[in-house]
Amino acid sequence: MSDNVAHALSGAGGGIVSMALTYPLVSISSRLQVQKNDKSQDAYKNTADAFFKILAKEGPKGLYSGLSSGVFGIAITNGVYYYCYEAVKAIFEKAKGKGKPMSTAESMLAGALAGSAVVFATHPIWTVNTRLTVNKGIDADKSKKASAFSVGASILKKEGIAGLYSGVMAALVLVINPIIQYTVFEQVKNKVAKMKTLSNFDFFLLGAISKLCATAITYPYIVIKSRMQVSQNNEERYSSIWDGFTKIISTEGVAGLYKGISSKIVQSVLTAAFLFMAKEILFDWAVWVLVLTGARKARVAAGKA
């Protein structure tokens, strides 16, 4: 068995660790992204204000609304992404000859293919997670806590499959986010690796830098995708990405496209940093699990791909 499965397992594990550590920031940034009325008494003014208002109104559990679907989603997302990315990477490197890393264009193509596969495989999970996180578009008995399954079933019943894929076009545009992230990561890693042996902290820094670049560039699309995933009335609904851009700018100004960006950047950078560091640590464990289960030959386990 190739290293693709080991990369998928370690990527999924790293994603779970990073998501669990940073989820309160995910919750805050998601709520700020979908907030349209900034003048109401309950409106969140900024990240700190959102943090204290959520704590006061919902308690600590409010910061972890939708955590289970988020953890499940990130595990599937990273597993699919790393498996596809490493598969494409192996094809390129085999074609070029052993020891030759991918070029920037090849890294981008590998990221695009892997990212597109992730969108179609996991978008329904993130639609459910977004609604759970921001507590919008949820039909549930007030005496019972809404679950990912009940929300997913409700969306299917009222909106059909299309409801689960609300905002999918914006998500496909956002494939450029991991393309930028992993391209920056791979290219900087290759340059630094020529000068020194990379440590876990180096992977932490590389992950942080690469995600900072990606999030800063693509954030307006993240806002539009989040709003399209939340159930809205006909007047508020965005019929397309362009419609979302024009409506946000006309009613909220350019600043509306960047709501929650401070918490999102902190969350994204920390998530990516923890992810890359945890993945490198978990890779060897994943290899040995595959060896012990007989899914991989022991002689291959000594080195990484």
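No continuous path of hydrophobic side-chain contacts links Ile209 to Phe185 [ILVMFWY only; heavy atoms under 4.5 Å]. In the hydrophobic clustering of ILVMFWY residues, with side-chain heavy atoms under 4.5 Å counting as a link, Leu172 and Ile161 come out together. Residues Val168 and Val223 fall within the same hydrophobic cluster, defined by Ile, Leu, Val, Met, Phe, Trp and Tyr side chains chained together at heavy-atom separations under 4.5 Å. Under a hydrophobic clustering in which Ile, Leu, Val, Met, Phe, Trp and Tyr are joined whenever their side-chain heavy atoms come within less than 4.5 Å, directly or via other members, Ile76 and Phe149 fall into different clusters. Clustering ILVMFWY residues whenever any of their side-chain heavy atoms sit less than 4.5 angstrom apart, transitively, puts Ile91 in a cluster other than the one holding Val5.
To the nearest 0.5 Å, atoms CD1 (Ile265) and CG (Leu25) are separated by 12.0 Å. Distance check: Ser210 OG to Gln187 CD gives 12.0 Å after rounding to the nearest 0.5 Å. Taken to the nearest 0.5 Å, the CD atom of Gln33 stands 12.0 Å off from the CD1 atom of Ile28. For the atom pair OG1 (Thr215) and CD1 (Ile222), the distance works out to 5.5 Å, reported to the nearest 0.5 Å. Atom CD in Gln267 sits 11.5 Å away from atom CG in Leu21 (nearest 0.5 Å). Atom CD1 of Ile224 is separated from atom CG of Leu174 by 9.0 Å, given to the nearest 0.5 angstrom.
Asn200 places a side-chain heavy atom less than 4.5 Å from the side chain of Ile281. Looking at Thr246 and Asp243, their side chains come closer than 4.5 Å, going by heavy atoms from C-beta outward. Using a 4.5 Å heavy-atom cutoff, the side chains of Thr271 and Lys211 are not in contact. In this structure the side chain of Tyr238 never reaches within 4.5 angstrom of the side chain of Lys225, judged on heavy atoms. Side-chain contact between Ile248 and Arg227: present, with at least one pair of heavy atoms (C-beta onward) separated by less than 4.5 Å. In this structure, the side chains of Tyr44 and Phe51 stay at 4.5 Å or more apart for every pair of heavy atoms. The side-chain heavy atoms of Ser18 and Leu270, taken from C-beta on, include no pair separated by under 4.5 Å. Counting heavy atoms from C-beta outward, Lys89 and Glu186 have side chains that approach closer than 4.5 Å.
Comment: Asp202 does not engage Lys189 in a salt bridge, judged by the lack of any side-chain N to carboxylate O separation of less than 4.0 angstrom. The pair Arg131-Glu159 meets the salt-bridge criterion, since a charged nitrogen lies less than 4.0 angstrom from a carboxylate oxygen.
A donor-acceptor pair under 3.5 Å is absent between the side-chain atoms of His7 and the main chain of Tyr81, judged by distance alone. Not a single donor-acceptor pair under 3.5 Å links the side chain of Asn129 to the backbone N or O of Ile125. Formation of a donor-acceptor pair under 3.5 Å by the Ser30 side chain with backbone atoms of Ser27 is not found in this model. A side-chain donor-acceptor contact under 3.5 Å links Ser263 to the backbone of Gly260. At least one donor-acceptor pair closer than 3.5 Å links the side chain of Asn78 to the backbone N or O of Gly11. At least one donor-acceptor pair under 3.5 Å links the side chain of Ser147 to the backbone N or O of Ser150.
Residues Leu164 and His123 approach most closely at O-CD2, 3.4 Å, considering heavy atoms. Of all heavy-atom pairs spanning Lys259 and Leu32, the tightest one is CB-O, 3.4 Å. Heavy atoms only, all atoms of each residue included: Ser166 and Gly163 are closest at OG-O, 2.8 Å. Taking each heavy atom of Leu275 and Gly15 in turn, the nearest pair found is CD1-N, 3.4 Å. The two residues Ala286 and Ala6 make their nearest non-hydrogen contact at CB-O, 3.7 Å. In terms of heavy-atom proximity, Asp49 sits nearest to Ala43 at OD2-O, 3.5 Å.
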- Evaluate ring pair (Phe, Tyr, Trp, His ring centres under 6.0 Å) for Phe204 paired with Phe276, printing each intermediate quantity in order. CA-CA 6 Å; Phe204 182 94; Phe276 282 114; over 10 Å; no
- What do the steps show when you test Leu9 against Leu282 for side-chain contact (heavy atoms from CB on, under 4.5 Å), and what is the final call? CA-CA 8 Å; Leu9 291 174; Leu282 292 172; over 6 Å; no
- Output, in order, the C-alpha distance, side-chain angles, deciding distance and verdict of side-chain contact (heavy atoms from CB on, under 4.5 Å) for Val34 and Ser226. CA-CA 6 Å; Val34 302; Ser226 294; 4.1 Å; yes
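Of the listed residues (Glu58, Lys45, Arg31), just one forms a side-chain contact (heavy atoms from CB on, under 4.5 Å) with Lys53, and that residue is Lys45. Here the options are Tyr23, Tyr64, Trp126, the test is side-chain hydrogen bond (donor to acceptor under 3.5 Å, both in side chains), and the partner is Thr133; only Tyr23 passes.
Classification of the Tyr221-Phe245 ring pair by plane angle, with boundaries at 30° and 60°, yields perpendicular.
Taking a 6.0 Å sphere around CZ of Phe92, one finds it holds more than 12 heavy atoms contributed by other residues, nucleotides or ligands.
The side chain to side chain donor-acceptor pair (under 3.5 Å) search around Ser103 returns Glu106, not counting sequence neighbours. Under the rule for a side-chain contact (heavy atoms from CB on, under 4.5 Å), the partners of Ile180 that lie at least two apart in sequence or sit in another chain are Ile176, Val184, Cys213, Ala214, Ile217, Thr218.
Cation-pi geometry between Lys279 and Phe203 is not met at under 6.0 angstrom from the ring centre and within 45 degrees of the axis.
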